[in-house]
S.K.: 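Have a look at this one before I ask anything.
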Amino acid sequence: MSEESSQILRIRREKLEALEARGIPAFAYRFDRSHRTDEAIAVFDDEEASEALTEKGEGAEVRVAGRILSWRGHGKSAFAHIEDGGGRIQLYFRLNVLGEEDFAALDLLDLGDWIGVRGPLFRTRTGEITVRVEEWTLLSKSLRPLPFGKEEVDEETGERVVHSGFSDQQTRYRQRYADLAVHPEIRESFRLRSRLITGLRRFLDERDFLEVETPILQPLYGGAAARPFVTHHNALDTRLYLRIADELYLKRLIVGGFERVYEIAKDFRNEGIDRSHNPEFTMLEFYQAFADYREMMELVEDLIRFVVEEVHGEPRLTYQGKPIDFEPSFRRLPFVEALNEKLGEDVQALSDADLLSRAERITGDSLEGENRGRLLDKVFGALVEPELIQPTFVIDYPVELSPLAKPHREDPRLTERFELFVAGRELANAFSELNDPIDQRARFEAQARLRAMGDEESHPVDDDYLRAMEYGMPPTGGVGIGVDRLAMLVADAASIRDVILFPTLRPEEG
RNA sequence: GAGCCGGUAGCUCAGCUGGCAGAGCAACGGACUUUUAAUCCGUAGGUCGUGGGUUCGAGACCCACCCGGCUCACCA
């Protein structure tokens, strides 16, 4: 059915015309509100408690405004609920209070309209605090019906039950405005996310980290293994990449003399989309001069504990039915030891061919042509990661996997690196940052060879970054934390799309 | 990329072995001055994802395609 012929849309337009014909503006400029709905309810509760109500049981006169959620007409009276940023409140309209003309014009209102009302508060026979409307003003006419479900409160559990709600996930993501408008709990999820990010900033600010902004448009991308988005600057006539990580610019700032820096910002990776990956996502990275990865591990423990407690009031939460405890210290699990234990032999002693055949057997994939590091990582991902439900630092990764990490001071085959896993998912990645420009160049060149062999995710050589290293970077610990994944934990969201307001979707037709 | 499931009214869904496209909510008209999933009476509303095919007849069966969800793979 075309939009033009939809009777549902046509009827609302006709009501708009009818309002205009009566001289009622459909789109107001402002409303002089005296209370949010929750404030109005608190005012009445106080008055009732201090016996300050009139003999008719009325409290203060309030002016409240909100979107009409429900309407129950009774001939010469009507009940409605409106909702604002503070919650909901019931309105009561009466013919003999409003007069014929004003009462009749209520017929031109719809669910979804924004109205403001003035009148005293009272408590209905059923006990609900309500505004006895003496005057109402249309603030904005809704010309398209919102997909409200019908709600009831379960007598036994006291829980809100929604009937025939808005549940098509694709439409909810596409029309997030409608999803938010009809689902208070979705608004609450995003409030949690905001509190989480505020908490991250507070923790770092209190420890003298400086918040900085580095380029999103970069002539060369790096700092992670991923395919980038490519764009073009017209005036410079040059290719630019959207960053895949903040890392290399933040470490340039450590070279410049800032001892502690952090950035919370979007990164972009031109890869698949699934429950834990969105092409643009929010990353926190922070770097601290004179620290190694061990010190950063302790800082990450404190940080995670702090923000979980900020959001939930305690350092524990339940994620998808699984209780998770963020009280330090988190378990430390060496990468190679974990693999050796699972496989019952020393993976580093295996020949390339043996490693390949074991990896293919374990993962069930054809892995011909993958390098040693990737093979180890695949096996680790298949055997160990899914079991890491409670917060666990996986430490000391093979050097092939970590081109930007310092070699392990006790075993040159490893690097001083950790990843934090929670609920079987990678949440953070960190290392003692490689500050030896000669070693760094050799690592880049090794990556370039992988690239020449067709590995599109290997790290490109960044000569400017090497120049910065040559000037001298102090020993530095660096951490990256996937903010969306942390938000998934605190909001108990199964999909990253549930913590991103406007997730990336295929464009709509037409 | 593979497998499974799905796309029918504004929303949520039903539609059997192929036989006049349905329900609830929302909407519209009417009754109702303390209701709250308000209630009661009545009305209207459809490119059944798209395109082919089979058939006297397709929402249903067959083929292709589009879109989505889930699982797996990919994403160190």
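In the text below, chain A, chain B and the rest are named by the order of the sequence lines, each starting its count at 1. The structure displayed is predicted, hence computed values, not measured ones.
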S.K.: Name the nucleic acid region contacted by A:Glu419, choosing base, sugar-phosphate or nothing; use a 4.0 angstrom heavy-atom cut-off, strictly under.
M.R.: nothing
S.K.: Do the charged groups of A:Arg227 and A:Glu271 touch, with an N to O distance under 4.0 Å?
M.R.: no
S.K.: Would you say A:Arg275 reaches B:U71's phosphate, i.e. side-chain N/O to OP1/OP2 under 4.0 Å?
M.R.: yes
S.K.: Go ahead and name the base partner of B:A2; Watson-Crick or wobble counts if both distances stay under 3.5 Å, otherwise write none.
M.R.: B:U71
S.K.: Could you say whether A:Phe79 or A:Arg12 is positioned toward the 5' end of RNA chain B, judged by the nucleotide with the nearest heavy atom to each?
M.R.: A:Arg12
S.K.: Heavy atoms from C-beta onward define the side chain here; which of B:G69, B:C28, B:G10 lies closest to that of A:Pro145?
M.R.: B:G10
S.K.: When all nucleic acid strands are considered with a 4.0 Å heavy-atom cut-off, which category describes A:Phe122: base, sugar-phosphate, or nothing?
M.R.: base
S.K.: Just compare B:U34, B:G68, B:G69 and give me whichever is closest to any side-chain atom of A:Gln169.
M.R.: B:G69
S.K.: With a non-hydrogen cut-off below 4.0 angstrom, is A:Asn96 in contact with a base, only sugar-phosphate, or nothing?
M.R.: base
S.K.: Please check the phosphate of B:A73 (OP1 and OP2 only) for any side-chain N or O of A:Lys378 closer than 4.0 Å.
M.R.: no
S.K.: Have a look at A:Glu426 and say if it touches a base, only the backbone sugar-phosphate, or nothing, with a 4.0 Å heavy-atom cut-off.
M.R.: nothing
S.K.: Let's see if you can work this out: which of B:C13, B:G68, B:U35 has an atom nearest to the side-chain heavy atoms of A:Ser167?
M.R.: B:C13
S.K.: More 5' along RNA chain B: A:Leu111 or A:Asp168, using each one's nearest nucleotide?
M.R.: A:Asp168
S.K.: Taking atom types as they are modelled, would you say the side chain of A:Gln90 forms a donor-acceptor pair with the base of B:U35 within the 3.5 Å cutoff?
M.R.: yes
S.K.: Of the nucleotides B:A27, B:C32, B:A73, which has the atom closest to the A:Asp274 side chain?
M.R.: B:A73
S.K.: Enumerate, atom names and distances included, each donor-acceptor pair closer than 3.5 Å involving a side-chain atom of residues 495-502 of chain A, sequence neighbours excluded.
M.R.:
unit_1   : atom_1 : unit_2   : atom_2 : d
A:Ser495 : OG     : A:Arg497 : N      : 3.1
A:Asp498 : OD1    : A:Tyr173 : OH     : 2.8

S.K.: Kindly write out the residues that satisfy ring pair (Phe, Tyr, Trp, His ring centres under 6.0 Å) with A:Phe268, not counting sequence neighbours, or none if the list is empty.
M.R.: none
S.K.: Using the P atom on both, measure B:G69 against B:G59 and round to a whole Å.
M.R.: 28 Å
S.K.: Give one of base, sugar-phosphate or nothing for A:Arg417, where a contact means two heavy atoms less than 4.0 Å apart.
M.R.: base
S.K.: Mind listing the residues from residues 379-402 of chain A sitting with a heavy atom below 4.0 Å of RNA chain B? Number order is fine.
M.R.: A:Leu401
S.K.: Which nucleotide sits closest to the side chain of A:Ile11: B:C32, B:G10, B:C28?
M.R.: B:C28
S.K.: Tell me the partner of B:C28, counting only Watson-Crick (N1-N3 plus N6-O4 or O6-N4) or G-U wobble (N1-O2 and O6-N3) with both under 3.5 Å; none if nothing fits.
M.R.: B:G42
S.K.: Among residues 66-74 of chain A, which contact RNA chain B at a heavy-atom distance under 4.0 Å?
M.R.: A:Arg72, A:Gly73, A:His74
S.K.: Could you tell me if the ring centre of A:Tyr241 sits under 6.0 Å from that of A:Phe229?
M.R.: no
S.K.: Starting the side chain at C-beta, find the nucleotide from B:U35, B:U33, B:G68 nearest to A:Arg94.
M.R.: B:U33
S.K.: Could you tell me which residues satisfy ring pair (Phe, Tyr, Trp, His ring centres under 6.0 Å) with A:His74, sequence neighbours excluded, listed by chain and number?
M.R.: A:Phe79
S.K.: Nearest to the A:Leu95 side chain among B:U34, B:U33, B:C28, which nucleotide is it?
M.R.: B:U33
S.K.: Do A:Thr124 and B:U35 share a donor-acceptor pair, side chain to base, under 3.5 Å?
M.R.: yes
S.K.: Centre-to-centre under 6.0 Å for A:Phe148 and A:Trp71, is that the case here?
M.R.: no
S.K.: Less than 4.0 angstrom from a charged side-chain N to a carboxylate O is my criterion; do A:Asp411 and A:Arg413 meet it?
M.R.: yes
S.K.: State the pairing partner of B:A14; accept Watson-Crick or G-U wobble contacts with both distances under 3.5 Å, and report none otherwise.
M.R.: none
S.K.: Starting at CG of A:Leu284, measure out to OG1 of A:Thr282 and round the result to the nearest 0.5 Å.
M.R.: 10.0 Å
S.K.: Of all the choices, B:C11, B:A27, B:U34, which nucleotide is nearest to the side chain of A:Pro147 once you look at every atom?
M.R.: B:C11
S.K.: Can you check the distance between B:A38 and B:C20, where both ends of the measurement are the C1' atom (answer in whole Å)?
M.R.: 36 Å
S.K.: Quick check on the 6.0 Å ring-centre criterion: do A:Tyr293 and A:Phe431 meet it?
M.R.: no
S.K.: Please identify each residue that fulfils ring pair (Phe, Tyr, Trp, His ring centres under 6.0 Å) with A:Phe103, with sequence neighbours left out.
M.R.: none
S.K.: Is A:Glu128 salt-bridged to A:Arg123, going by a charged N under 4.0 Å from an acidic O?
M.R.: no
